[in-house]
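All remarks here apply to the structure that follows.
Quick caveat: nothing in here was measured; it's all calculated off a predicted structure. A, B, ... follow the sequence lines: proteins, then strands. Residue 1 opens every chain. FYI, side chains are in, hydrogens and waters are out, and symmetry mates aren't considered; it's all heavy atoms of this structure.
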There are 2 protein chains.
Amino acid sequence: MRKGDATKARILDETARQAAVKGFGAVSLNDVAEAVGLSKSGLFKHFESKEVMELATLDQGFDRFVEFVWTPTQALPPGRPRLEKIFDRWLDWSEVENAAGGCLIVAASVELDDQPGPLRDLLIRRTKQWRKALAREVKALRDPQLSDEEAAVVIFQMKSYVLGHADGKRLMGDSTARKAARAAFAALLDRAAAG
Amino acid sequence: MRKGDATKARILDETARQAAVKGFGAVSLNDVAEAVGLSKSGLFKHFESKEVMELATLDQGFDRFVEFVWTPTQALPPGRPRLEKIFDRWLDWSEVENAAGGCLIVAASVELDDQPGPLRDLLIRRTKQWRKALAREVKALRDPQLSDEEAAVVIFQMKSYVLGHADGKRLMGDSTARKAARAAFAALLDRAAAG
DNA sequence: ACAGAAAGTGACCGATCGTGCTCTTTGAGC
DNA sequence: GCTCAAAGAGCACGATCGGTCACTTTCTGT
């Protein structure tokens, strides 16, 4: 049962790639199977349906995101240094790690925000989970910890800059997007620490 | 040739609605035709292909956007009052005017950023055009007008807040998103006017 | 009112969609 | 090394995809 796991992982990776590019709704089993080097029916030995495959893809997408953006920052001291690293990794996530296709989570968020179903449920659940982890990091910015409301303000603007960066860099090819995002975020941290 | 124009407009509206919900890549002629009350082949009397229909849809989408967000603000004095109104209308655009489906332009931006073709070309062209109009409004924030670079910083953050607002409100149902966006934007204008 | 164009229908095309079925190959545990 | 399940191929299915064509209905300009 080891060979199967490796194939499964390749399927999930490929599905994630295609979903980030074309959207979940436009991914076809044929394209995925071909890219992975399988027959279409071979996919069904790993997932009982397309929907289950999509769910697994999005779930693994979040795992990869947290692993890439959050995990490596836990070695740093809490507060500003850690948060700056998280932000930087977050920008890397869409600009470098997923240069082709962009961030799967952003793509899914825009696509699924008005399409009820298990896929959207999963997306919302894991986004909330991520938000919680992020809130803990943000609150540690000041010695008397930031309140929930203060942290929410910081998170809103932080995520906004991430989205702005992705929009500017990926669609418009704006090479200054990263600098703009970093500057805006640094100013935000200054305000948060002072306020 | 008057009846045809009305039908054409209904087709474009419906296509825009569906594209905003499911993405351009997942819109089918059958669904559009059915929703408009036409046969599938009837669509081809108005557009020679699906791609042409999509192009017309996105183009009209931008027209509607500018008409809704920008046009009504031109009665206000340039600078801060006008820009605040633009921002407000922009939030309304995705939260109220397009409550079901969200902003077509945002959806298209995320979907098409890595899919070359005429549709993406059109998207980029019209986005640049909008950015230019926006830059004029932003520069008028201060008496010695803001420089290009200063305006770019403001526009980056402004658009970031719009995206953050859409993300928070539409996907997560966060009812405080609008307040957060407005507060962040007001602070941005303060900084821009002072700096 | 009449002619001709515009608007719209229905049947059909080949291709592709997700999925089930049977069959063969392959790999892992004893 | 044998066995048996896991992994995968191949084919076929009904539905739907974008698109064409011949035909009918409806509107509009004169």
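Rounded to a whole Å, the CG atom of A:Leu43 is 11 Å from the C1' atom of C:dT19. Remark: P of D:dG29 and NZ of B:Lys3 are 14 Å apart, rounded to the nearest angstrom. Atom P of nucleotide D:dT20 and atom CZ of B:Phe47 are separated by 15 Å, given to the nearest angstrom. When rounded to the nearest whole Å, the span between CD of A:Glu48 and P of C:dG20 equals 9 Å. Per the geometry, NZ belonging to B:Lys45 stands 10 Å off C1' belonging to C:dT9, to the nearest Å.
Between B:Arg17 and B:Glu14 there is a salt bridge, since a side-chain N of the basic residue sits under 4.0 Å from a carboxylate O of the acidic one. A salt bridge between A:Asp92 and A:Lys85 is absent, with no side-chain N of the basic residue lying under 4.0 Å from a carboxylate O of the acidic one. Ionic pairing of B:Arg142 and B:Glu150 is present here: one or more N-O contacts between side-chain nitrogen and carboxylate oxygen are shorter than 4.0 angstrom. The pair A:Lys139-A:Asp148 meets the salt-bridge criterion, since a charged nitrogen lies less than 4.0 angstrom from a carboxylate oxygen. For A:Asp190 and A:Arg80, the salt-bridge test passes: some basic side-chain N is under 4.0 Å from an acidic carboxylate O.
The stretch residues 9-25 of chain B does not touch DNA chain C, since none of its heavy atoms comes less than 4.0 Å from the strand.
Taking the six-membered ring for Trp and thresholds of 30 and 60 degrees, B:Trp130 and B:Phe65 have ring planes more than 60 degrees apart, a perpendicular arrangement.
A search for salt bridge (charged side-chain N to carboxylate O under 4.0 Å, His left out) contacts involving B:Lys8 returns nothing, not counting sequence neighbours. Remark: B:Ser41 engages B:Ser39 in a side chain to side chain contact (heavy atoms under 4.5 Å, CB included) (not counting sequence neighbours).
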Enumerate the protein-to-nucleotides 14-17 of chain C contacts in which both atoms are nitrogen or oxygen and the separation is below 3.5 Å.
| residue | atom | partner | partner atom | Å |
| --- | --- | --- | --- | --- |
| C:dC17 | OP1 | A:Ser28 | OG | 3.0 |
| C:dC17 | OP2 | A:Asn30 | ND2 | 3.1 |

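Note on B:His46: every side-chain N or O is 4.0 Å or more away from OP1 and OP2 of C:dA6. Between D:dG8 and A:Thr7, a contact under 4.0 Å exists linking OP1 or OP2 to a side-chain N or O.
Across the helix from C:dA1-D:dT30 to C:dC30-D:dG1, the helix axis at one end is tilted relative to the axis at the other end by 30° (nearest 10 degrees, each axis from five pairs).
Aromatic pair B:Tyr161/A:Tyr161: centroids less than 6.0 angstrom apart.
Between B:His165 and B:Glu95, some side-chain heavy-atom pair lies under the 4.5 Å cut-off.
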Residues 117-125 of chain A, side-chain donor-acceptor partners within the protein, below 3.5 Å, at least two apart:
| residue | atom | partner | partner atom | Å |
| --- | --- | --- | --- | --- |
| A:Arg120 | NH1 | A:Asp113 | O | 3.3 |

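Side-chain to base pairing of A:Ser41 with D:dG10: one donor and one acceptor N or O lie within less than 3.5 Å of each other.
Comparing C:dA7, D:dT20, D:dG8 by their closest approach to the side chain of B:Phe44 singles out D:dT20.
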